[in-house]
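Counting convention: from 1, in listed order, for ligands and their atoms alike.
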Amino acid sequence: MKVWITGGGGFVGSNIVRAALDAGHEVVTTAQSFVAPVDAGYRVESVDMTHPEGVAASVRAFMPDLVIHCAILNDWHRMYADRDLAWACYVGATRATSAAAAEVDAHYVLVSTDWVFDGTQAGADEGTPPNPINLYGALKLASEMVALERGGAVARVSGVNGLHLARPETPRAQDRGFGYFVASIVDALSAGASFTVWEAPEINMVATPSLALECGEIMVAIGEARADGVFHCCGADAVTRRELAFLTCEVFGLDAGLLRFGPPDPESMLGAPVPYNTTLTTPRTDRILGRSATSARQLLERFRMQMSSPEKAVIT
Ligand SMILES: NC(=O)c1ccc[n+]([C@@H]2O[C@H](COP(=O)([O-])OP(=O)(O)OC[C@H]3O[C@@H](n4cnc5c(N)ncnc54)[C@H](OP(=O)(O)O)[C@@H]3O)[C@@H](O)[C@H]2O)c1
């Protein structure tokens with residue numbers, strides 16, 4: 001199968017590229033600033049996702065069977081400062097990529113988020129009506145509507161942990177979501193430093209963690225099955241930040257005595273509400289793809305194996 005992916009130079013996107021290559025598919029990914037290594041087993045094209053003509057030309061030239069749209073404007077403050085740009089980068093880019101996919105009869109998968117929910121909808125399944133409480137969630141929901149109405153699939157990821165396979169040197173730090181949470185604990189504790197697990201009502205405190213590579217594998221499976229509708233690409237277990245921190249220590253053999261608990265760094269303030277409990281469940285995803293969601297422990301064990309095998313830590 002030929003797979004065209006936006007944002008393969010990003011954290012989640014690089015794992016989708018890896019999953020597609022591992023499944024034996026041919027891959028083209030678009031980039032804004034990312035340059036692939038010379039021996040990469042995939043092609044990178046410089047395409048601005050907000051330019052429909054450029055998107056369509058790249059898709060037409062490759063004739064993919066599957067389009068996975070993952071790229072976003074990942075700059076919270078810029079999104080709020082320039083709403084037109086934000087709309088173009090989310091909803092406009094989803095229109096452009098889904099129209100290009102339709103033109104060549106490629107199946108379409110949009111990568112989305114658990115932040116389409118409001119933080120009180122614990123255990124939301126694929127049919128739960130979203131209720132975003134910030135601009136990012138609203139733009140993602142509008143993008144989901146475009147993808148679904150064009151007959152595509154929406155692949156929501158949540159609490160994404162794992163390795164950045166395109167830019168392994170990317171700094172990994174705790175934020176108000178769950179992304180990079182496990183890696184930042186492992187980095188600190190394995191260096192003998194303490195780590196303060198943030199706990200506060202105004203941050204994302206409970207989520208259903210996932211592993212980026214497994215998210216990519218689920219998306220590729222959705223594409224192979226040409227399945228449409230909403231999918232939840234996450235693990236099986238809802239955990240608090242504290243529970244995930246202790247589980248990380250157990251699985252990685254780290255000293256839990258180095259964990260501290262306290263309020264978030266004020267510099268991480270987003271200036272907009274963040275959903276508190278964004279836990280997801282996966283009944284439709286499991287049924288349609290014939291799988292069962294992976295436990296948090298198993299996800300962390302796989303992550304530990306990835307970290308200990310350097311050849312798995314980059315896409316080449
Ligand atoms: N990370 C998480 O914890 C998390 C949680 C929930 C959902 N998600 C979803 O996962 C997806 C990827 O997020 P991420 O965290 O992996 O983000 P990321 O690492 O910041 O990657 C974003 C990518 O978008 C590309 N991009 C930005 N502007 C572009 C433009 N105008 N034209 C073309 N490409 C452009 C960038 O390309 P270059 O690299 O070439 O500059 C980058 O590779 C998003 O859809 C996000 O909503 C992520």
Side-chain angles (χ1 to χ4, degrees), residues 4-18 28-36 44-55 58-59 68-76 78-79 82 85-94 96-97 100 109-117 130 132 134-144 147 154-184 204 207-213 215-216 218-219 231-235 244 274-275 278 280 315:
W4 188 93
I5 301 165
T6 62
F11 169 43
V12 176
S14 62
N15 280 275
I16 304 172
V17 169
R18 175 72 191 229
V28 165
T29 184
T30 68
Q32 192 179 45
S33 62
F34 174 63
V35 179
V44 177
E45 288 188 6
S46 176
V47 178
D48 188 326
M49 64 179 170
T50 64
H51 292 167
E53 308 75 26
V55 167
S58 173
V59 169
I68 303 180
H69 174 41
C70 181
I72 50 161
L73 170 66
N74 197 359
D75 182 333
W76 189 271
R78 199 158 162 224
M79 274 164 49
D82 188 343
L85 176 73
W87 189 264
C89 286
Y90 283 76
V91 189
T94 305
T97 50
V109 178
L110 168 74
V111 181
S112 192
T113 173
D114 54 340
W115 282 28
V116 294
F117 296 108
N134 55 43
L135 179 59
Y136 169 67
L139 291 169
K140 277 299 203 182
L141 177 57
S143 304
E144 286 190 357
V154 163
R156 293 187 186 130
V157 299
S158 69
V160 190
N161 285 285
L163 298 172
H164 195 313
L165 300 178
R167 293 171 165 120
E169 71 291 351
T170 301
R172 311 186 289 198
Q174 180 174 207
D175 62 27
R176 287 175 177 244
F178 268 65
Y180 285 134
F181 184 74
V182 171
S184 45
N204 194 183
T208 314
S210 62
L211 182 67
L213 184 57
C215 295
I218 300 171
M219 288 171 207
F231 293 84
H232 284 175
C233 307
C234 61
L244 188 55
V274 166
T278 57
L280 302 179
I315 352 168

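Residue contact annotation: Ser112 has a non-hydrogen atom under 4.0 Å from ligand 1. The shell of residues lying under 4.0 angstrom from ligand 1, judged by heavy atoms, excludes Thr6. Within the structure, ligand 1 lacks His69 among the residues with a heavy atom less than 4.0 angstrom away. Within the 4.0 Å heavy-atom shell around ligand 1 one does not find Tyr180. In this structure, Val47 has a heavy atom closer than 4.0 Å to ligand 1.
Counting heavy atoms under 4.0 Å from ligand 1, residue Arg167 touches it through the side chain alone. Under 4.0 Å from ligand 1, not a single heavy atom of Thr30 appears. Of the heavy atoms in Tyr136, only side-chain atoms (C-beta onward) come closer than 4.0 Å to ligand 1. Looking at Asn74 against ligand 1, only its side chain comes within 4.0 Å, counting heavy atoms.
The closest protein non-hydrogen atom to atom 41 (O) of ligand 1 is Ser33 OG, 2.6 Å. The protein atom (non-hydrogen) at minimum distance from atom 32 (N) of ligand 1 is Met49 N, 2.9 Å.
Looking at Phe11 next to ligand 1, an N or O pair under 3.5 Å apart turns up. Considering backbone and side-chain atoms alike, Phe34 places an N or O below 3.5 Å from some N or O of ligand 1.
There is no protein heavy atom closer than 4.0 angstrom to atom 36 (C) of ligand 1.
In this structure a side-chain-to-backbone donor-acceptor pair under 3.5 Å is present from Thr170 to Arg167.
Close contacts of ligand 1 with Cys70, meaning ligand atoms under 4.0 Å from a residue heavy atom, involve 11 (C), 12 (C), 44 (C), 45 (O).
The heavy atom nearest to atom 14 (P) of ligand 1, considering only Thr29, Thr278, Ile5, Val12, is found in Val12.
Phe231 has its side chain out of reach of Ile218: every pair of non-hydrogen atoms, C-beta onward, lies at least 4.5 Å apart.
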